[in-house]
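Following: one structure in structure tokens, then a few remarks.
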Amino acid sequence: ERGIFMKKAVSFIFTFLLLWSFTVSVNAAEFNGSDLFTVDLPDDFEQTGANVTDFTFTNEDGDTFAVSYSDNTEKDETFSPADMSKKEIDEYINSLSEESKTVMEDFADSFELKFLSGEKVKHKNGKTALVCQTKTTITKNKKTAVYYQTMYEFGGAQNKYIFTYTTDDEKKKDSFNEVFESINIFEGETESNLDKLASYAVLGGIGFLILIGIIRFIRTPEKRAQGKLK
């Protein structure tokens with residue numbers, strides 16, 4: 001199972017490298033994702049990546065907002081944040097941190113993912129989200145960058161949704177709260193099934209959390225030379 005996970009994570013990394021290389025620019029306001037969800041984005045964010053199930057937006061400062069959705073109908077692997085206990089959330093956080101280090105060891109000299117918070121919240125859209133904030137420190141070629149990320153994960157009857165905001169400015173790490181509050185998911189919430197929740201959450205969320213924002217560190221070193229590095 002671990003081998004399958006690693007293959008999926010590495011595949012995800014190179015998929016995003018490709019997407020980042022062939023970007024498009026589309027002005028964004030209210031964004032409709034495949035008629036599955038909508039989210040209101042600031043005017044200065046433009047769409048810079050798109051795939052069948054992944055969307056990426058950035059602004060001139062390099063801040064990133066990304067959305068991904070995946071199947072949530074596998075038997076005994078349904079993601080249901082409404083039913084997660086405090087213990088399960090802690091297990092999720094610990095597993096994600098450890099697996100992140102494993103995935104990133106081939107791409108960075110050193111890597112640390114620290115969870116600042118992790119809790120389930122009742123969203124304005126009526127659904128429950130697992131909300132996590134992280135601080136990621138990554139060193140490559142003797143250069144170190146720090147990223148702050150906020151991730152909202154929802155479990156739908158058909159799909160699991162991940163919304164991620166990334167910035168390298170600590171003062172802006174809470175600046176996307178209104179954007180997250182604007183999320184509207186059209187499908188109903190998943191029924192509870194917690195038998196394999198912790199492992200499924202890692203499989204579904206690890207690649208996206210690591211890559212969004214951090215991918216800029218790998219692909220655009222010239223930007224980091226302009227005062228972005230800590």
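Quick caveat: nothing in here was measured; it's all calculated off a predicted structure.
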Does a donor on one side chain and an acceptor on the other come within less than 3.5 Å for [X] and [Y]?
{"X": "T144", "Y": "T139", "value": "yes"}
{"X": "E187", "Y": "N159", "value": "yes"}
{"X": "T78", "Y": "N72", "value": "no"}
{"X": "T166", "Y": "Q149", "value": "yes"}

| Going by heavy atoms in the side chains, are Q133 and Y148 under 4.5 Å from each other? |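 No, their side chains stay 4.5 Å or more apart.
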| request: Dump the intermediate steps for ring pair (Phe, Tyr, Trp, His ring centres under 6.0 Å) on H123 and F154, then the final yes or no. | output: CA-CA 10 Å; H123 192 271; F154 295 89; 5.3 Å; yes
| request: Apply ring pair (Phe, Tyr, Trp, His ring centres under 6.0 Å) to the pair F31 and F55, showing each step before the final yes or no. | output: CA-CA 10 Å; F31 179 75; F55 309 95; 5.0 Å; yes
| task | Check whether more than 12 heavy atoms from other residues, nucleotides or ligands sit under 6.0 Å from atom NZ of K172, and answer yes or no. | result |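 Above 12, so yes.
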| query | Could you give the distance from NZ (K127) to OH (Y152), rounded to the nearest 0.5 Å? | reply |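 Nearest 0.5 Å value for the NZ-OH distance: 15.0 Å.
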| query | When rounded to the nearest 0.5 angstrom, what distance separates CG in L130 from CD in E119? | reply |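 Result: 9.0 Å between the selected atoms.
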| field | Minimum heavy-atom distance between L36 and Y161, given as atom pair plus value | value |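 Taking L36 first and Y161 second, the nearest heavy atoms are CB-OH, 3.7 Å.
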| field | Ring geometry between Y165 and F176 (parallel below 30°, tilted from 30 to 60°, perpendicular above 60°) | value |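 Parallel: the ring planes of F176 and Y165 meet at under 30°.
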